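Here is the structure we will look at, set down as structure tokens.
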Amino acid sequence: MLAIEALTKRFGGVVAVDSVSFGVNAGEVVGLIGPNGAGKTTVLNLVTGFSRPSAGKVLFNGKEVTGTPPYALAKLGIVRTFQTTSLFSRMTVLENIRIGTHLRAGRRKSQAIGAILEEMSLAKFRDFAANSLPYGVQRRLEIAVALAADPKLLLLDEPAAGMNPEETHRLIEDLKLIIKKNITIILVEHNMRFVAQVCQRIVVLHRGRKIAEGVPGEVLELPQVIEIYLGKRRYA
């Protein structure tokens, strides 16, 4: 579904993403991991049109979409969330999700809203203003708004950041329901337990370069991956 070919992004003399290549199959959940500053969010920005690459290509269903504006990518089915919530804070949960359905037509809008409220465990909050919700619920609402746009490829940037263990567990269960709908997902996340439970494959970035790729159980045990998270003393 998605192919990233030698993607590179330079900010002046700084190379934030350095010739990164990987693919994502339809229906797959791929984790993009690495320490702070590894280039993960920059890759998402390049894929979703919020930033233009210095070099390389992005292909979606065989068609090059490199540098295509975010609104045009959303029409194609590429939708994302952000590290910080981007909700309409004074609007209700229902109103936020309704805005997310702007790419759907007719009766599909109301049907989608009801289904998403249930799937993301938000039905009891439907008339609450977004800014009155607990933080974990706000994060789930942001994903719900993205789902309302009927994505084929959903990119989630640190969805569990700041959540307590109970909120994280709830989010994992919600994501498992999304996965069953065969929505393709790229997930940026620092919580490795979260990644291991949700992702089928992971790509590891370090200083802008891809250093490993494979199934979580194998990649998370690689010495070079452990080292960048825990330091060289782990192997002293």
Side-chain angles (χ1 to χ4, degrees), residues 1-84 86 100 102-104 142-143 145-159 175 178-179 181-190 195 198-216 219:
M1 172 179 276
L2 182 76
I4 294 171
E5 298 181 357
L7 206 58
T8 299
K9 180 63 180 180
R10 302 183 186 90
F11 295 98
V14 177
V15 182
V17 176
D18 190 356
S19 194
V20 170
S21 299
F22 66 90
V24 182
N25 299 317
E28 191 175 24
V29 183
V30 174
L32 191 60
I33 70 170
N36 289 331
K40 305 180 299 296
T41 294
T42 303
V43 168
L44 294 196
N45 289 340
L46 296 172
V47 170
T48 54
F50 285 89
S51 182
R52 294 186 63 89
S54 304
K57 296 180 180 180
V58 179
L59 294 93
F60 183 62
N61 288 331
K63 177 183 177 181
E64 185 174 353
V65 294
T66 313
T68 301
Y71 71 86
L73 291 175
K75 290 181 179 179
L76 294 176
I78 300 177
V79 182
R80 70 169 295 181
T81 65
F82 296 84
Q83 288 180 0
T84 56
S86 55
H102 69 285
L103 294 177
R104 297 179 187 250
E142 186 171 26
I143 296 173
V145 173
L147 289 173
D150 198 18
K152 296 179 177 65
L153 174 63
L154 178 62
L155 299 96
L156 304 176
D157 197 352
E158 298 190 27
L175 286 179
I178 296 171
I179 292 166
K181 298 171 68 175
N182 291 320
I183 295 175
T184 307
I185 297 174
I186 298 178
L187 171 74
V188 168
E189 185 53 60
H190 285 288
V195 169
V198 173
C199 297
Q200 299 157 345
R201 184 161 53 90
I202 56 178
V203 174
V204 187
L205 300 184
H206 183 47
R207 296 178 179 174
R209 295 184 177 182
K210 185 178 80 171
I211 65 166
E213 179 178 355
V215 298
V219 172

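Since we're looking at a predicted model, the values are computed, not measured.
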Identify, with sequence neighbours excluded, every residue that meets side-chain contact (heavy atoms from CB on, under 4.5 Å) alongside V204. I33, I211, A212, V219, V225, I228
Those residues that, when tested against F11, pass ring pair (Phe, Tyr, Trp, His ring centres under 6.0 Å) (two or more places apart): none
Applied to residues 12-39, the salt bridge (Lys or Arg N to Asp or Glu O under 4.0 Å) test, sequence neighbours excluded, yields D18-R209, E28-R201
I need the I183 CD1 to K152 NZ distance, nearest 0.5 Å. 10.5 Å
Check whether any side-chain heavy atom of I4 sits under 4.5 Å from a side-chain heavy atom of L46, and report yes or no. no
Under 3.5 Å, side-chain donor or acceptor atoms of residues 51-60 against the rest of the protein: list the pairs with distances, not counting sequence neighbours.
unit_1 : atom_1 : unit_2 : atom_2 : d
R52    : NH1    : G67    : O      : 3.2
S54    : OG     : R10    : N      : 2.9

Set of side chain to side chain donor-acceptor pair (under 3.5 Å) partners for N182, sequence neighbours left out: none
D150: side-chain contact (heavy atoms from CB on, under 4.5 Å) partners, not counting sequence neighbours: R104, R108
Of all heavy-atom pairs linking P151 and A146, the shortest is CD-O, 3.4 Å
For S19, which residues count as a side-chain contact (heavy atoms from CB on, under 4.5 Å) partner, sequence neighbours excluded? A6, T8
Looking at every non-hydrogen atom in both residues, tell me the closest pair between H190 and N36 and how far apart they are. NE2-OD1, 3.2 Å
Closest heavy-atom pair, V17 versus G39, reported as atoms and distance to 0.1 Å, is CG2-O, 3.8 Å
Inter- and intrachain pairs under salt bridge (Lys or Arg N to Asp or Glu O under 4.0 Å), touching residues 60-69, at least two apart: none
Residues forming a side-chain contact (heavy atoms from CB on, under 4.5 Å) with L73, sequence neighbours excluded: V65, T68, L76, I78
R80 vs N45 side-chain heavy atoms within contact, under 4.5 Å: yes
Answer yes or no: is there a side-chain heavy-atom contact under 4.5 Å between V43 and V188? no
Could you work out, with ring pair (Phe, Tyr, Trp, His ring centres under 6.0 Å) as the rule, every residue matching F82, not counting sequence neighbours? F50
First locate atom OG1 of T184, then atom CD1 of I178, and finally report the distance between them rounded to the nearest 0.5 Å. 12.5 Å
Heavy atoms, side chains only, cut-off 4.5 Å: are L155 and L153 in contact? yes
Does K210 have any salt bridge (Lys or Arg N to Asp or Glu O under 4.0 Å) partners at least two apart in sequence or in another chain, and if so, which? E213
Quick one: does any side-chain atom of K40 pair with a main-chain N or O of L205 as donor and acceptor, under 3.5 Å? no
Could you tell me the separation between the CD atom of Q200 and the CD1 atom of I185, rounded to the nearest 0.5 Å? 9.0 Å
Gap separating the OG1 atom of T41 from the CG atom of L32, nearest 0.5 angstrom: 8.5 Å
I'd like to check P216 versus I202 (side-chain heavy atoms, cut-off strictly below 4.5 Å). Are they in contact? yes
Is L156 close to E189 at the side-chain level, that is, under 4.5 Å between some pair of heavy atoms? no
